[in-house]
Amino acid sequence: MGEPLLILDGVSKLYGDVPAVRGIDLRIDAGEFVAIMGPSGCGKTTTLRMLAGLETPSDGEIRLRGRRMNEVKPWDRDTPMVWQSLALFPFMSVLKNVEFGLKMRGLGAAERERRAMGWLERLHIAAYRDRQVSQLSGGERQRVALARALVTEPEILLLDEPMSALDAHLVVHMQSELKQLQEQLGITFCYVTHNQSEAFAMADRVVIMSQGRVQQIGSPREVYRTPATRFVAEFVGANNILPGRVRALSDGLVEVETAFGCLRAKAPADDTPEVGRDVSLVVSADRVVLGREAAAEGNSLPGTLIGEEFVGAVVTLYLDIGRETELRVQTQQHNLDDLDLARGTRLVASWRPEHSVILPEG
Ligand code: ATP
């Protein structure tokens, strides 16, 4: 493996004395689709703006192909950005908007038009070439913004919440288009969003940030299945987090004494917690199975059904397991056909120890 395309080494950004980004380490390979996500104010946009050259890091170093980028101006780098506001020229034609970056680079009119038309065709907006951007729909504008950024054939494309102005069904459509495009082009995408389903649908790796720091970097699956911190477990959602204390360690499993009895979880590969340590046991809602009886093996918790939510074929059930605690269970509707459920039904939630993870408390 060669050196990663892009390296962030201990990158921080202070605005006055307000830390927006605090010591981020990140390596991005050529051709990767990386999504940076986290709640509002966590430092996502600031990180992206530093990659674009719109902000200078207060500390640390950004390297692109080994070259220090900290002081390189936006126009001297090959990292265009697509914003949520799109920043298009509303009264200019689609073609002129897309040609803009090429004009700035001094390309002749014929070559500009040839290249820009290539992208308009690729993104299915060639028919609108002479229309003003202000006369397009949100989805069409989105394509113009992409065409404008891609026409200069950048190595990295930076995208800041580019779909936040689109309605839900268009977002799903654009997601698969964008992912396909990125794979075909082999361009590195660095995509900022607060929307988890968007990030998980497209990214090879996600970076989860909180309060200017990276909490976890991994594939969507890794982050979802094995959250590294309590913040990630909560942020990723649909996780049940049960506090307890390590009682024993055996056969690669950790026994945790909780207010709901003794539960077992897979021991973390690194950092196995010692007996007596306060931990949280995390089990994702879709790993929990409901039945009338306790499972013969594994973890079981009895409870009372207190609510259900349907989204398409997926249902989320809420089980009162006592001590003012609700357990969330997510499953396909057809799995519930035989249970004859009603509010107040007594059920047993079960899951396999290896389907839960242990996090240090605090
Ligand atoms: P959002 O999802 O709301 O866009 P974000 O994760 O992109 O949030 P940033 O825009 O990077 O967050 O902001 C990180 C922190 O830095 C916030 O606390 C914000 O108030 C602060 N901040 C951002 N820009 C500036 C600025 N120009 N001057 C001072 N503080 C700033």
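The chain is numbered in sequence order, starting from 1. Whatever order the structure lists ligands and atoms in, that order sets their numbers, starting from 1.
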Short list, please: which atoms of ligand 1 are under 4.0 Å from a heavy atom of Ala20?
14 (C), 15 (C), 16 (O)

Take every heavy atom of Gly43, measure it against each atom of ligand 1, and state whether any distance is under 4.0 Å.
yes

A student checking ligand 1 against Gly41 at a 4.0 Å heavy-atom cut-off should list atoms 1 (P), 3 (O), 5 (P), 6 (O), 8 (O), 12 (O), 14 (C), 15 (C), 17 (C), 18 (O)

Proximal ligand 1 atoms for Thr45, defined as those under 4.0 Å from one of its heavy atoms
4 (O), 5 (P), 7 (O), 10 (O), 11 (O)

Is it the case that one hydrophobic cluster holds both Ile7 and Val72, taking links as side-chain heavy atoms less than 4.5 Å apart, direct or via other members?
no

Please determine if His194 has a nitrogen or oxygen closer than 3.5 Å to a nitrogen or oxygen of ligand 1.
no

CD/Glu293: more than 12 non-hydrogen atoms of other groups inside 6.0 Å
no

Starting from Met163, can I reach Val144 by hopping between I/L/V/M/F/W/Y residues whose side chains sit under 4.5 Å apart?
yes

Could you report the tightest heavy-atom contact between Arg264 and Leu253, atom names first, then the distance?
NH1-CD1, 3.4 Å

Using a plain distance cutoff, I'd like to know if Ser40 has any nitrogen or oxygen under 3.5 Å from a nitrogen or oxygen of ligand 1.
yes

Taking only heavy atoms of Pro39, which atoms of ligand 1 are found under 4.0 Å from at least one of them?
6 (O)

Using 30° and 60° as the class boundaries, would you call the ring planes of Tyr224 and Phe200 parallel, tilted or perpendicular?
perpendicular

Nearest heavy-atom contact between Val21 and Gly43 is CG2-O, 3.6 Å

